[in-house]
**Student:** 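I have a structure I would like to understand better, so I am pasting it below and will then ask my questions one at a time.
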Amino acid sequence: MELADKTVGFLLSLTSLSIFTYYTFWIIILPFVDSDHFIHNYFLPQEYAILIPVFAGVVLLCLLAIFVGIVMLKSKKKKA
């Protein structure tokens, strides 16, 4: 089981590093590249650089609120 945990950890780290590198390049470096350069074909428009993290944050907060609500309801049922 230890090998599986290491593999999952490695894949999660690799995924996180890939997303961080893509987003950093998209936000910090791409605005300084000419707009007719071919590299712009690999990235979404700049508006999405704000919309995607905001949407992900709202979804994460909603899921967290639902989880806390369910835990509170279950703990209230146990006391009653």
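Please read all numbers here as calculations on a predicted model, not as lab measurements.
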**Student:** Should Val54 and Val59 be regarded as members of a common hydrophobic cluster, given that ILVMFWY residues are connected when their side-chain heavy atoms come within less than 4.5 Å of each other, either directly or indirectly?
**Tutor:** no

**Student:** Running the 4.5 Å side-chain criterion over Ile, Leu, Val, Met, Phe, Trp and Tyr, what cluster does Ile70 land in, apart from itself?
**Tutor:** Ile66

**Student:** Let me check something: do Ile52 and Leu63 share a hydrophobic cluster, defined by ILVMFWY side-chain heavy atoms less than 4.5 Å apart, either directly or through other members?
**Tutor:** no

**Student:** Please identify each residue that fulfils ring pair (Phe, Tyr, Trp, His ring centres under 6.0 Å) with Tyr48, with sequence neighbours left out.
**Tutor:** none

**Student:** Would you say Phe25 and Phe38 are hydrophobically clustered, going by side-chain heavy atoms of ILVMFWY under 4.5 Å?
**Tutor:** yes

**Student:** Please report, to 0.1 Å, the donor-acceptor pairs under 3.5 Å made by any side chain of residues 27-36, with sequence neighbours excluded.
**Tutor:**
none

**Student:** Using distance only, find each side-chain donor-acceptor pair of residues 9-20 under 3.5 Å and give its atom names and separation, not counting sequence neighbours.
**Tutor:**
unit_1: Ser13; atom_1: OG; unit_2: Gly9; atom_2: O; d: 2.9
unit_1: Thr15; atom_1: OG1; unit_2: Leu11; atom_2: O; d: 2.8
unit_1: Ser16; atom_1: OG; unit_2: Leu12; atom_2: O; d: 2.9
unit_1: Ser18; atom_1: OG; unit_2: Leu14; atom_2: O; d: 2.8

**Student:** Could you pull out all residues at least two apart from Phe55 that satisfy ring pair (Phe, Tyr, Trp, His ring centres under 6.0 Å)?
**Tutor:** none

**Student:** Should the pair Trp26 and Tyr23 be assigned to parallel (<30°), tilted (30 to 60°) or perpendicular (>60°) ring geometry?
**Tutor:** perpendicular

**Student:** Starting from Leu61, walk the hydrophobic network (Ile, Leu, Val, Met, Phe, Trp, Tyr; side-chain heavy atoms closer than 4.5 Å) and list everyone else you reach, by chain and number.
**Tutor:** none

